[in-house]
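Working notes, structure below.
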Amino acid sequence: ALKSSIDNSVLLRQGIKTIFSNSKEYFKNAPKTFSDIKKVFQGQDAAKLLNAEIISDPLYDTMKKAKLAVGSIEEAFPTRSPEMIPVLGRFFKASEAAYAGFLHRMRADLFKKYLKIAENNGVNINSKTELESIGKFVNSLTGRGHLGGFEKSADTVNAVFFSPRNLKSNIDFLTGFQGQDVSPFVKKQAAIALVKTLAGVGSVLATAKALYPDSVDTESTAPLSSNFGKIQVGKTRFDVAGGMGGFATLLARQISNKTKSSTSGKVSTLGEGYKADNRWDVLLQFFE
């Protein structure tokens with residue numbers, strides 16, 4: 001909980017999947033995170049105010065039927081114990097309020113948006129399957145994937161494997177929910193969101209490349225490096241893909257059986273050389 005706090009990283013970590021695909025909702029709710037931080041330092045209970053805001057929404061009951069994660073505890077803040085720490089506790093509480101506030105408002109707004117799109121396209125929004133599909137999609141768009149058979153023990157898994165739901169949300173997003181029990185409407189919307197996000201991230205990387213030619217690796221071997229999807233200036237790396245570039249790197253290394261050093265740029269074959277990493281080592285390192 002402490003390592004997840006004292007920042008407002010939700011805007012570009014969990015928020016990266018919506019900043020390009022749902023810009024209107026993103027820029028409506030992003031400024032409110034700073035208002036939530038201000039409320040905490042003014043002595044207000046931002047969490048209770050947020051819950052009241054969500055519960056009073058006319059579509060709240062529909063959101064719950066869709067299993068939308070509003071009013072729920074976020075895995076990045078599994079405990080509120082740090083709130084008791086003098087001085088630091090107030091900063092912790094403020095960052096938690098900003099984090100949960102952004103995600104829950106985004107989920108509510110996105111759910112209403114996609115529900116309206118579905119209705120306009122003749123989709124039966126009274127269908128339990130359709131509602132839950134939209135709920136699952138919106139949850140994943142905001143960093144909360146469904147763990148399937150492990151969902152009931154998600155909190156226990158989170159204690160030993162940090163933020164498994166966020167990891168799963170990235171997998172859902174990158175695969176377009178293929179192979180999952182969601183409606184065709186949701187798969188179509190997921191594909192549209194993915195294309196928009198890839199285009200947006202690509203534009204940012206292209207702009208950085210134009211301004212600072214050495215800041216972005218555009219060689220054909222780029223996906224083999226842990227720098228893929230990042231902008232490097234000096235020794236500082238900016239992960240503009242919100243952590244999703246790591247999946248492409250893992251896949252590229254497993255398929256090609258090669259890796260690329262993020263410092264020297266040297267490409268080498270896995271398993272060759274003294275104490276060289278193999279495919280299994282690469283997989284373990286990814287999850288580590």
Side-chain angles (χ1 to χ4, degrees), residues 3-4 7-23 26 75-76 103 140-145 161-178 190-270 277-288:
K3 294 179 75 172
S4 301
D7 61 31
N8 198 10
S9 61
V10 67
L11 296 182
L12 292 176
R13 175 57 74 172
Q14 285 78 8
I16 194 67
K17 294 191 283 291
T18 56
I19 191 171
F20 297 114
S21 63
N22 293 277
S23 300
Y26 178 90
E75 63 184 353
L103 294 180
S140 282
L141 267 182
T142 51
R144 195 182 181 94
F161 187 99
F162 185 69
S163 292
R165 287 190 177 110
N166 186 47
L167 177 72
K168 181 59 163 50
S169 76
N170 287 337
I171 295 174
D172 291 341
F173 187 66
L174 292 171
T175 60
F177 291 89
Q178 295 304 313
I192 293 172
L194 177 60
V195 170
K196 287 183 176 179
T197 299
L198 292 177
V201 171
S203 297
V204 173
L205 292 172
T207 302
K209 180 70 175 179
L211 295 173
Y212 301 97
D214 295 330
S215 65
V216 178
D217 184 356
T218 55
E219 295 181 2
S220 60
T221 55
L224 296 173
S225 170
S226 58
N227 276 350
F228 185 65
K230 298 181 177 70
I231 298 169
Q232 181 176 354
V233 180
K235 293 184 179 180
T236 303
R237 292 172 174 81
F238 301 89
D239 185 359
V240 297
M244 291 185 285
F247 290 94
T249 297
L250 175 65
L251 186 63
R253 287 174 174 175
Q254 293 293 333
I255 292 174
S256 67
N257 197 40
K258 295 181 182 296
T259 186
K260 183 176 183 177
S261 171
S262 60
T263 53
S264 67
K266 180 183 177 182
V267 176
S268 56
T269 302
L270 293 173
D277 290 338
N278 55 33
R279 282 190 172 101
W280 178 245
D281 294 322
V282 168
L283 184 64
L284 289 179
Q285 288 165 13
F286 172 81
F287 284 103
E288 182 182 356

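Note that the structure is a prediction, hence the values are computed from the model and not measured.
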| Expected output: side-chain E75 to main-chain N166 donor-acceptor under 3.5 Å | yes
| task | Taking the side chain as every heavy atom from C-beta outward, state whether D217 and N227 have any atom pair closer than 4.5 Å. | result | no
| field | Between NZ on residue K209 and OG on residue S215, distance to nearest 0.5 Å | value | 7.0 Å
| query | When rounded to the nearest 0.5 angstrom, what distance separates CZ in R253 from CG in L251? | reply | 12.0 Å
| Residue pair M244 / S169, side-chain heavy-atom distance below 4.5 Å | no
| Sub-4.5 Å side-chain heavy-atom contact between S203 and F20 | no
| said: Counting C-beta onward and ignoring hydrogens, is there a side-chain heavy-atom pair between T142 and Q14 closer than 4.5 Å? | reply: no
| Distance (rounded to the nearest 0.5 Å) between I255 CD1 and R279 CZ | 9.0 Å
| query | Taking atom CD of E288 and atom CG of D281, what is their separation to the nearest 0.5 Å? | reply | 10.5 Å
| said: Does the plane of the ring in F287 sit parallel, tilted or perpendicular to the ring in F161? Use 30° and 60° as the thresholds. | reply: tilted
| Note, T259 side chain near D277 side chain (heavy atom, < 4.5 Å) | no
| note | Heavy atoms of D7 and S4 approach each other most closely as OD1-O, 3.6 Å
| How many angstroms lie between OH in Y26 and CG in L12, if you round to the nearest 0.5 Å? | 4.5 Å
| query | Ignoring hydrogens and geometry, is there a side-chain-to-backbone donor-acceptor pair from S225 to A222 under 3.5 Å? | reply | no
| Euclidean distance, S262 OG relative to Q232 CD, rounded to 0.5 Å | 7.5 Å
| said: If the condition is salt bridge (Lys or Arg N to Asp or Glu O under 4.0 Å), which residues does K168 pass it with, not counting sequence neighbours? | reply: D172
| request: Determine the minimum heavy-atom distance between V201 and V240, stating which atoms define it. | output: CG2-O, 3.7 Å
| message | Counting C-beta onward and ignoring hydrogens, is there a side-chain heavy-atom pair between I16 and D239 closer than 4.5 Å? | response | no
| Validation row: P223, F228 side chains within 4.5 angstrom (heavy atoms) | yes
| query | Is a donor on one side and an acceptor on the other found under 3.5 Å between the side chain of R13 and the backbone of G242? | reply | yes
| said: Using side-chain heavy atoms (C-beta onward) and a distance below 4.5 Å, is F247 in contact with L167? | reply: yes
| message | Looking at T249 and G245, would you say the former's side chain and the latter's main chain have a donor-acceptor pair under 3.5 Å? | response | yes
| said: Checking side-chain polar atoms at under 3.5 Å, does N170 have a donor or acceptor matched by the opposite partner on K17? | reply: yes
